[in-house]
Visitor: 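My questions all concern the structure below.
In what follows, chains carry the letters A, B, and so on, assigned in the order in which the sequence lines appear, proteins first and then strands, with residues in each chain numbered from 1.
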2 protein chains.
Amino acid sequence: MDTPWLDRPQLRAWIRLRAVLALLPGVLDAQLRRDAGLTEFEYQVLATLSETPGRTLRMTELSRLSNATLPRLSHVVTRLQGRGLVERCSCPENRRTTNVLLTDDGWEKVRQAAPGHVATVHHHVIDALTGEQLEQLTAIGDALLTRLDPSGTMAATYTRYDGAPEPQAPADG
Amino acid sequence: MDTPWLDRPQLRAWIRLRAVLALLPGVLDAQLRRDAGLTEFEYQVLATLSETPGRTLRMTELSRLSNATLPRLSHVVTRLQGRGLVERCSCPENRRTTNVLLTDDGWEKVRQAAPGHVATVHHHVIDALTGEQLEQLTAIGDALLTRLDPSGTMAATYTRYDGAPEPQAPADG
DNA sequence: CGGGAATGGTTGTCGCGACAAGTTTGCTGT
DNA sequence: ACAGCAAACTTGTCGCGACAACCATTCCCG
């Protein structure tokens, strides 16, 4: 294959994106682990459940909404279950699906963890950008996700807050 | 603290960024692991060395350039050394520093791995964006990194290709 | 209604990364 | 000149995530 190297503008953008990719997850994870004893992914699982009517989701659906593979989610749910934050309850009408339910303790946990996490996101992402840049980032994200998730398997995930009015539930989405 | 929740535009941008954060590393890693038997981070270490005159860097400097902590780099260098791709050579004038040298095998490895990796970056990032979006992404990256790396410890990393003409070395930067 | 195929989850193993010591070398002050 | 501290790495331990293999259930279809 003829290899098209990156020219300067491309390189400049890519280097920055790679740095953000390397640094941001660590920052988010550290804050949550320190203040709430949760992984960013664990938080996302709990938060997603907290935003769902009935606080319940099937494993597959939950894995889509949290950008995770099924094995990964299964392990995490096992751990969260051990801590009493979620429960597995197999649904009767389809016996191969597993429903995950956010317990009251889990709800309380995410309620306590949310402010600090949202503040971190605000400080490290939102407040760093202008309103215009936020829109640009949204468009760029859409473009990238078209390539990263061409089948649109997880498309429902990141379009769920398009249109419609203001949010009401806690967590961050 | 009064918790400022995310409004819709902020939420939309954040959800997309989070999805990219979750998906992109896996894609890059999978391609490199499959085609070259390298982690994205291992590749970055080798590539960084390959772009350096003398193919040698101190551990600390290398860790900065690859957005990694020193322990992490140390472990990875140990592994790469075991595979004969780099060598540790303690420099005589300052005996607490360790220099890392890219071996010929390592050079060959990165030379073989580069095209596939660059192609992946092209397909999943560069080609997905317009030239204007690329510039926007650069600016956004700068803004975010100001918060993620306020001390500017790693600032030299992502400004090293600003200004000046075209690149000549392989790898991707 | 019986035998694949496909769907939905779980479990096991392995390797990497984070964090927290520990170690050696160089610097600094008095 | 020596005490103490900082810099530069290394090492050890632990937990999470990727991947593959596996099991159960349901669908499909002649």
Visitor: For Arg95(A) and Val76(A), find the nucleotide of DNA chain D closest to each by heavy atoms; which residue's nucleotide sits nearer the 5' end?
Guide: Val76(A)
Visitor: Among all residues two or more places apart in sequence or in another chain, which pass the salt bridge (Lys or Arg N to Asp or Glu O under 4.0 Å) test with Arg147(A)?
Guide: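 Expected list: none.
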Visitor: What's the CZ-C1' distance between Arg83(B) and dC16(C), to the nearest Å?
Guide: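 These atoms are roughly 13 Å apart.
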Visitor: Measure from CD on Glu40(A) to P on dG17(D) and round the result to the nearest Å.
Guide: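 Rounded to whole Å, this separation is 11 Å.
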Visitor: Can you see whether Ser74(B) engages Arg88(B) through a side-chain donor-acceptor pair at a distance of less than 3.5 angstrom?
Guide: yes
Visitor: Take atom CZ of Arg34(B) and atom C1' of dC19(D), then tell me their distance rounded to the nearest Å.
Guide: 14 Å
Visitor: Tell me: CD of Gln44(B) to C1' of dG17(C), nearest whole Å?
Guide: 15 Å
Visitor: Determine, for nucleotides 7-15 of chain D in 5'-to-3' order, which nucleotides have protein heavy atoms under 4.0 Å from the base (write B), from only the sugar-phosphate (write S), or from neither (write -).
Guide: BSBBBB---
Visitor: Rounded to whole angstroms, how far apart are CG on Asp29(B) and C1' on dG17(D)?
Guide: 11 Å
Visitor: How long is the line joining CG of Leu23(B) and P of dA18(D), in whole Å?
Guide: 11 Å
Visitor: How many Å lie between CG on Leu80(B) and C1' on dC16(C), as a whole number?
Guide: 12 Å
Visitor: Can you name the side-chain contact (heavy atoms from CB on, under 4.5 Å) partners of Arg72(B), sequence neighbours left out?
Guide: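 Per chain and number, Arg72(B) pairs via side-chain contact (heavy atoms from CB on, under 4.5 Å) with Phe41(B), Ala68(B), Thr69(B).
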Visitor: Relative to the 5' end of DNA chain D, which residue comes earlier, Glu93(A) or Thr39(A), by the nucleotide with the nearest heavy atom?
Guide: Thr39(A)
Visitor: Under the rule for side-chain contact (heavy atoms from CB on, under 4.5 Å), what residues qualify as partners of Glu93(B), not counting sequence neighbours?
Guide: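 Once residues adjacent in sequence are excluded, the partners of Glu93(B) under the side-chain contact (heavy atoms from CB on, under 4.5 Å) criterion are Cys91(B).
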Visitor: Figure out the CD/C1' separation between Glu42(B) and dC16(C), and round it to whole Å.
Guide: 9 Å
Visitor: Listed by chain and number, what are the salt bridge (Lys or Arg N to Asp or Glu O under 4.0 Å) partners of Glu108(A), not counting sequence neighbours?
Guide: Arg111(A)
Visitor: Taking only residues two or more places apart in sequence or in another chain, which ones pass side-chain contact (heavy atoms from CB on, under 4.5 Å) with Thr52(B)?
Guide: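 side-chain contact (heavy atoms from CB on, under 4.5 Å) check on Thr52(B) returns Leu57(B).
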